[in-house]
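Just so we're on the same page: letters track the sequence lines, and every chain starts at 1.
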2 protein chains.
Amino acid sequence: MELARAGGPDAVVLREATRIVGVVPNAAYRHFADRDELLAEVCTAAMHELADRMAAGIARVRGKRGNPAAAQRRLGAIGAAYLEFARAEPGLFATAFAVPRQHEYAARDTTDRTPLGLLCAALDELVEAGVLDPQRREGIEYPIWSLVHGTAVLTGRGPLRDASDAELRRIEARTLTFIAAGLA
Amino acid sequence: MELARAGGPDAVVLREATRIVGVVPNAAYRHFADRDELLAEVCTAAMHELADRMAAGIARVRGKRGNPAAAQRRLGAIGAAYLEFARAEPGLFATAFAVPRQHEYAARDTTDRTPLGLLCAALDELVEAGVLDPQRREGIEYPIWSLVHGTAVLTGRGPLRDASDAELRRIEARTLTFIAAGLA
DNA sequence: ATATCTAGTGGACAGTGTCCACATTGTTAT
DNA sequence: ATAACAATGTGGACACTGTCCACTAGATAT
């Protein structure tokens, strides 16, 4: 995690990890089949950290469940937390989505410890609060996730990474209003 | 490019490239400062190939410039071409966005050979055709790009990579309708 | 014809993932 | 209590990578 936080998935190198722990390189092979398995576990840990930050963002919003305004603010908090995590921890964020080929993604299940799960819960609450038409609800989690994720990627490591802070803020704001437009 | 196409940015390894060309590894250093510079050039080439496919998709749509229906179909063609390139050439697609830290992104300028440039042109045509309110036009290229890019990433290398073909098709369709909703 | 410039060669080094055989434990079974 | 065992770690090795250095053959320019 230390290495991933500092330099992304490519920086999690087996020998360096064992050096930090204070053992000889081969000792790692008692715990992981190979480097990819080690990386895979760092990835799910990073994904969990992302989910935890999102959950913290949600918890910070006051208001009873089902309250329309609160439900909307909670959805906004999710997106904001996602984007802030990507900005504050670019290494971990990149690592969370760098799961090696043949390893499973823990993020797909709709548990409460995954981004998708949290997003779905927030959308369900929007329906419950009467803000979102149940007709529109079905499957809308994917474009919303894509939109926020795309923004994070393009402005983080991607082509928009050199944009000024002001520009970034404007882009993020537009992202969130675009979501609002898609929900109405 | 051969290596990137087959295995993404990590697969473009200097020694293997020189082996393909038929020279000794060190010969590469007469043309590139280091491996990152080589990779950077492969990245911009991949980005250009993406832009070319998008341009081809646009060209395939008949209809005069300024015609509302044609303008809308052109925008759709852009998104579809982007997503199809990501699916058909996952290696090149990943490489296009894997530009090393200290190297410039050729994709940022609004030329006609970049994804952003093509997207902006299509949006301008929408305004010209009277389909898109000029008020809404400003800066809307970013959320749209993010949405399509996010979909490509999540369904390609990301958490949604194991989704069935049918599911993928549904997700992509929802992405495009979500854009339409954001434009209205 | 001589000097310079370009692309390539050969040899080396440190760093990486991974394999093998072996040593040291702490736990369990008899 | 002792013997078998599983877990963890060690040491040495190998192929592969990016990169540095000194050197060379051919083309070009003066």
Can you run down the side-chain hydrogen bond (donor to acceptor under 3.5 Å, both in side chains) pairs that involve residues 141-151 of chain A, sequence neighbours left out, and say none if there aren't any? A:Y82-A:W145, A:Y82-A:H149, A:R137-A:E141, A:S146-B:T151, A:T151-A:T175, A:T151-B:S146
Using a 4.0 Å heavy-atom cut-off, write out nucleotides 16-28 of chain C from 5' to 3' as B (base contacted by protein), S (sugar-phosphate only) or - (no contact). BBBBB--------
Taking A:R174 for the side chain and B:E138 for the main chain, is one N or O donor matched with an acceptor at less than 3.5 Å? yes
Which heavy atom of A:T18 sits nearest a heavy atom of A:A28, and at what distance? CG2-CB, 3.8 Å
Please find the pair of heavy atoms, one from B:A70 and one from B:R62, that lie closest to each other, and give the distance. CB-O, 3.8 Å
Contact class for A:V24 vs. all strands (heavy atom < 4.0 Å): base, sugar-phosphate, or nothing? base
Gap between atoms CD and P, on B:E37 and D:dG18 respectively (whole Å): 15 Å
Do other residues, nucleotides or ligands put more than 12 heavy atoms under 6.0 Å from A:E128 CD? yes
To the nearest Å, how far apart are B:L39 CG and D:dT19 P? 11 Å
N or O in side chain of A:H31 less than 4.0 angstrom from D:dA7 OP1/OP2: no
Using a 6.0 Å cut-off, check whether atom CD of B:E84 has over 12 heavy atoms from anything other than its own residue. no
